[in-house]
Amino acid sequence: MRIATWNVNSIRARVDRVVDWLVREDIDVLAMQEIKCKPAQFPIEAFTAAGYEVEIHGLNQWNGVAIASRLPMSEVTHEFAGMPGFAKKAPVPLDPEAPGTDALGYPLEARALGATIDGLRLYSLYVPNGRGLDDPHWHYKLAWLEALRADTERWLSENPDLPLALMGDWNVAPFDGDMGDPSFSVGNSTHVSPEERAAFHAFEAAGLSDVVRPLVPEGYTFWDYTQLRFPRNEGMRIDFILASRAFADLVTDASIHRDERKGDGPSDHVPVVVDIQLEGEDDDMPMIFG
DNA sequence: ATGCCGCGGCTTCCGCGA
């Protein structure tokens, strides 16, 4: 079974590239971020024709997450408990009872989508960008990560053997080698501040691990469109698959599909893939006899 | 301090992204 995550930067602008890649790479499940549309605008027909069903969580032209799967999806959830919302200016009045708002009354954004597939609990996540170290959005980012970590800890305390994978655009470069964009300076920019890195590494204390890095130690997953960042390979590693022990034990391979940043009309992110071997699942490799 | 690119929309500029 091949599971992937990809920030597609508008599914309407990218649908042909995404579906071509799904088929070519024999992907079973794809967690997408930044679909940038509402469900009615999502080009679902192209996915259906290729044999995928799609769950979509999109509220407007910003953010938006989806999961495409060849296998049935169940227990589909939007958001997670305690997920904070955001607005540049506090809504007037702040009404926690209003639909689509958090406990303070701030509007929730479409940044998390969960589904159970073949016993695996999978999330497509789009962590807030942060914008700047003195920006309210940066505090929102930290609160959002902390709420997700608290939920993760609760899910795993209730079910320690849960095969859980949190997949997506984390907007954090956890190690110095993950940051190759010279416009970011470690300690003084978003994505590489001590606070963001601590918020990311707290998921390890909660029982998750990066299941791609041990198999793919090097490589970026994002390159800015401007300033020749891709040809100069000045990118960042910010897209991750963090998984519970039960999920990590199933992983047989992983890859970062750097070539998807090439050619006409690429996303600024590339897909990150894990291969897993489920109990009783036929190995995808052909058996060689004799 | 801004544009560089690319996206979407109450579109011909602006907000946002990382």
Side-chain angles (χ1 to χ4, degrees), chain A residues 5-18 32-43 56-66 85-89 91 106-112 124-142 144-145 168-197 199-200 219-240 256 258 260-272:
Chain A
T5 180
W6 195 358
N7 179 324
V8 297
N9 186 18
S10 169
I11 191 56
R12 287 178 288 176
R14 217 74 59 208
V15 58
D16 291 344
R17 277 194 76 130
V18 170
M32 286 168 270
Q33 301 85 39
E34 284 209 84
I35 62 169
K36 291 188 171 177
C37 67
K38 301 174 187 180
Q41 301 170 307
F42 192 102
I56 303 158
H57 180 34
L59 297 170
N60 48 44
Q61 71 268 47
W62 307 120
N63 317 306
V65 283
F86 180 77
K88 247 183 179 176
K89 293 178 177 176
Y106 284 79
L108 296 171
E109 300 183 312
R111 295 182 176 276
S124 179
L125 302 169
Y126 179 43
V127 175
N129 170 291
R131 296 180 188 170
L133 296 188
D134 52 354
D135 197 295
H137 207 260
W138 185 74
H139 297 279
Y140 168 50
K141 178 180 194 174
L142 294 177
W144 198 95
L145 283 167
D169 175 358
W170 290 75
N171 272 322
V172 178
F175 300 98
D176 289 354
D178 298 335
M179 178 51 77
D181 185 324
S183 53
F184 287 68
S185 66
V186 171
N188 289 311
S189 305
T190 65
H191 299 63
V192 285
S193 70
E195 292 89 344
E196 287 161 78
R197 286 179 164 176
F200 181 88
Y220 302 130
T221 64
F222 164 91
W223 298 259
D224 195 290
Y225 285 120
T226 69
Q227 298 182 269
L228 300 173
R229 290 295 188 227
F230 184 64
R232 291 175 173 167
N233 196 30
E234 295 172 339
M236 317 180 193
R237 186 168 180 146
I238 55 176
D239 298 88
F240 300 105
I256 296 173
R258 189 180 191 280
E260 287 310 303
R261 187 64 176 74
K262 301 175 181 174
D264 291 332
S267 171
D268 40 7
H269 295 251
V270 296
V272 177

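Convention: sequence-line order gives letters A, B, ...; per-chain numbering from 1.
- In this entry the distance linking CG of A/L59 with C1' of B/dG9 reads 16 Å, nearest Å.
- What separates CZ of A/F86 from P of B/dG15 is a distance of 14 Å, to the nearest Å.
- No donor-acceptor distance shorter than 3.5 angstrom exists from the side chain of A/Y126 to the backbone of A/A110, with no hydrogens or angles considered.
- In this structure, CG of A/N171 is placed 9 Å from C1' of B/dG17, rounded to the nearest angstrom.
- Separation of the P atoms belonging to B/dC13 and B/dA1 is 25 Å when rounded to the nearest angstrom.
- For the atom pair CD of A/E196 and CH2 of A/W138, the computed distance is 6.0 Å after rounding to the nearest 0.5 Å.
- Put simply, the side chain of A/T190 never gets that close to the backbone of A/R131: no donor and acceptor are under 3.5 Å apart.
- In a base pair of the Watson-Crick type (N1 to N3 plus N6-O4 or O6-N4) or a G-U wobble (N1-O2 and O6-N3), with each distance short of 3.5 Å, B/dC7 is matched with B/dG15.
- No contact: A/Y220 has no heavy atom under 4.0 Å from any strand.
- Residue whose closest nucleotide on DNA chain B sits further toward the 5' end, between A/N60 and A/R111: A/N60.
- B/dC10 and B/dG15 have their P atoms separated by 15 Å, with the value rounded to a whole Å.
- Taking the six-membered ring where the residue is Trp, the centroids of A/F200 and A/F240 are separated by under 6.0 Å.
- Contacts of A/D169 with the nucleic acid, taken as non-hydrogen atoms under 4.0 Å apart, involve only primed sugar atoms and P, OP1 or OP2.
- Counting any heavy atom pair closer than 4.0 Å across all strands shown, A/D239 reaches no nucleic acid atom.
- Within the nucleic acid shown, A/F222 comes within 4.0 Å of sugar-phosphate atoms alone, with no base atom in reach, counting heavy atoms only.
- Note on A/K88: only backbone sugar-phosphate atoms sit closer than 4.0 angstrom, heavy atoms only; bases stay farther off.
- A donor-acceptor pair is defined here as one N or O able to donate and one able to accept, closer than 3.5 Å; such a pair exists between the side chain of A/W6 and the backbone of A/H269.
- Note: CZ (A/R131) to P (B/dG15) measures 11 Å, nearest angstrom.
- The existence of a salt bridge linking A/R232 and A/D224 is excluded, since no basic side-chain nitrogen approaches an acidic carboxylate oxygen closer than 4.0 Å.
- Using modelled atom types, one side-chain atom of A/R17 and one backbone atom of A/E260 make a donor-acceptor pair closer than 3.5 Å.
- Protein atom CZ of A/R229 is 18 Å distant from nucleotide atom P of B/dG17, rounded to whole Å.
- B/dC7 and B/dT12 are spaced 16 Å apart, taking the C1' atom of each and rounding to whole Å.
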- Item | Sequence-aligned protein contact record of nucleotides 3-8 of chain B, with B where the base is within under 4.0 Å of a protein heavy atom and S where only the sugar-phosphate is | -BBSSS
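- At the heavy-atom level, A/I238 lies under 4.0 Å from the strands shown only through sugar-phosphate atoms.
- Of the C1' atoms belonging to B/dT11 and B/dG6, the separation is 15 Å, rounded to the nearest Å.
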